[in-house]
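Side chains are part of it too, since the values below use all heavy atoms of this structure and drop only hydrogens, waters and symmetry mates. The sequence lines fix the lettering, A, B, ..., with proteins before strands; numbering per chain opens at 1.
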Protein chains: 2
Amino acid sequence: MTRNPNMREAILSAAELLFSTNGFNAVSIRDIALEAGANPGSITYHFKSKDGLLLEIYKRHCGPMNKRRMELLVAARRVRDVQDRLEAIVRAYVQPAFSSSSDLAGGGARFTRLRAVMSAEGNAVVGRIIAEIFDDTTNAFIEAIEESLPHLPRTTIVWRSQFLLGALYYTLVSPERVTRLSRGEADGADMAEAIEQLVASTVASLQASDVDHLDTASRRAKPTQPPAKSVAGKRKENSTS
Amino acid sequence: MTRNPNMREAILSAAELLFSTNGFNAVSIRDIALEAGANPGSITYHFKSKDGLLLEIYKRHCGPMNKRRMELLVAARRVRDVQDRLEAIVRAYVQPAFSSSSDLAGGGARFTRLRAVMSAEGNAVVGRIIAEIFDDTTNAFIEAIEESLPHLPRTTIVWRSQFLLGALYYTLVSPERVTRLSRGEADGADMAEAIEQLVASTVASLQASDVDHLDTASRRAKPTQPPAKSVAGKRKENSTS
DNA sequence: TGATATTTTGTACAAACGTACAAAACTCGA
DNA sequence: TCGAGTTTTGTACGTTTGTACAAAATATCA
């Protein structure tokens, strides 16, 4: 059998691929070994345990990705125009999640899909990592958005950042849904297009005025309402704060 | 027929809970039996296999949820004002995903979280069901949105519906992230608040003009731009259509 | 009630799981 | 070329897995 010069890398790559498409528990160490062309025992040798392997995948990607995010964020904050700045901020958050600056091509998207799957499975191993590693970066983005949209409550920005991350995750998890529902007119696996659509959608969402709870309640009570000119963010803010 | 329907129901409920929080493969039949206070063998008796149990959960919820969605959609389409109609359409899609009209309280949210997890795990059993059962309903919503926003290409609506579903899923999967990032000011598990935030965000996203690729390219080339008044949906439409 | 149908239980089994570990096969400076 | 260090291999272990099945328990209805 041909020996792989860097078996450790092959194992990491195979594990990334299989975990990100099938979840953690559905993939056995033997599956990974087969995909990587390695012996099951050598996985134990390199990473000690299955959890250790998953942990190593995270360690490999988190640093470079969030570093790139922060670099792009610093540049984005310098953009003069508010609209452009907001778009640049969102793009700085989204883009590194699709294509990491690190070694492998498309590795960024694969790792982000892995994060989505682990998040859905409620994986205990990565639970702490997410809060420890990602929250700092996320907070920096929230603050940047706060600065550009000072009228918007922080809680609303948090909600919309949640929606952004969910949209990001799901786009990588189920791209075929976009292709199917668009009847082939769009390609859900087209990452460049996904980024553009996601950025545009998120910027518009962020620019909308805050949810007004009292107003919303009254609007549901009497659905007929003086006609609005169908411009988003039109509703006046008279929130509780 | 069923002499003691309680046990069957208890198994279904326990499986729903465990699957939706831990994934499919991480939960064993013995785990479910323990949670339901049943014997492992009785699960095989009622549902034949583990896959059969998962399938039965879907059969139980899909019908009522999508029926409710269609009822609300019909009502939403009758709303006169465009802004209000759009909001009603989005709400008709979102609301039944959080609280089903069926028996158990909060069962809707639990089932939607289950769908999110199965989607992330790429579960083969439910793969076909989703396309078969959900696409009809989703298409009805896309058409309703198309009707309210005739200037928007269908592909863009599909992308934004993808983002909506992803946001919906992730909100149910990781509500604690909202609580954490908002430093306790918001409660990610507050479903009513989540719905309001999600609806407002999505309506604003839908009302944004289409992504213009050429324009976007030029805007990135020369970042200085006539200042926008930071009102969502303000940008003029000069799309390709 | 007794006969029959339905549900629950306990146990068993083959397969797959994560992991450990010794032997074998490599690598590479001296 | 040699030998120490590193990596890979093969195998074996104790568990846990999904499922099957017969016996026991329970419910239904003449």
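Considering only side-chain N and O atoms, B/Y45 lies under 4.0 angstrom from the phosphate OP1 or OP2 of C/dT7. Note on A/H46: a side-chain N or O is less than 4.0 Å away from OP1 or OP2 of D/dT8.
Remark: P of C/dT19 and CG of A/L53 are 10 Å apart, rounded to the nearest angstrom. Put simply, CG on A/N6 is 18 Å from P on C/dC26, counting in whole angstrom units. Atom-to-atom, CG of A/N39 to C1' of D/dT6 comes out at 15 Å; the value is rounded to the nearest Å. The interatomic distance linking A/M7 (CE) with C/dA25 (P) rounds to 16 Å, in whole Å. The separation between B/F47 atom CZ and C/dT7 atom C1' is 13 Å, rounded to whole Å. For the pair A/R8 CZ and C/dC26 P, the computed distance is 22 Å after rounding to whole Å.
Between A/E147 and A/R77 there is a salt bridge, since a side-chain N of the basic residue sits under 4.0 Å from a carboxylate O of the acidic one. Remark: A/R8 engages A/E56 in a salt bridge, criterion side-chain N to carboxylate O under 4.0 Å. Looking at B/R91 and B/E196, a side-chain N of the basic residue comes within less than 4.0 Å of a carboxylate O on the acidic one, giving a salt bridge.
Geometrically, A/R69 engages A/Y93 in a cation-pi contact, judged by NZ or CZ lying under 6.0 Å from the ring centre and within 45° of the ring axis. The cationic atom of B/K50 (NZ for Lys, CZ for Arg) lies less than 6.0 Å from the six-membered ring centre of B/F24 and within 45° of the ring axis.
In the helix from C/dT1-D/dA30 to C/dA30-D/dT1, the end axes, each obtained as the rotation axis mapping the C1' atoms of four pairs onto the next four within a five-pair block, lie 10° apart to the nearest 10 degrees.
Checked against the 6.0 Å centroid threshold, A/Y170 and B/F163 do not count as a close aromatic pair.
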| said: Please evaluate residues B/R30 and B/E35 with respect to the criterion salt bridge (Lys or Arg N to Asp or Glu O under 4.0 Å), reporting the C-alpha separation (whole Å), side-chain torsions for both, the decisive distance (0.1 Å), and the verdict. | reply: CA-CA 9 Å; B/R30 286 164 179 84; B/E35 176 74 23; over 6 Å; no

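The side-chain contact (heavy atoms from CB on, under 4.5 Å) test with B/N66 singles out one residue from B/I133, B/T138, B/D136, B/L73, and that residue is B/I133.
Minimum interatomic distance between A/V178 and A/A186 (heavy atoms only, all atoms of both residues): CG1-CB, 4.1 Å.
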| task | Could you run through nucleotides 15-25 of chain D and give me one letter per nucleotide, 5' to 3': B if any protein heavy atom sits under 4.0 Å from the base, S if only the sugar-phosphate is that close, - if neither? | result | --BBB------

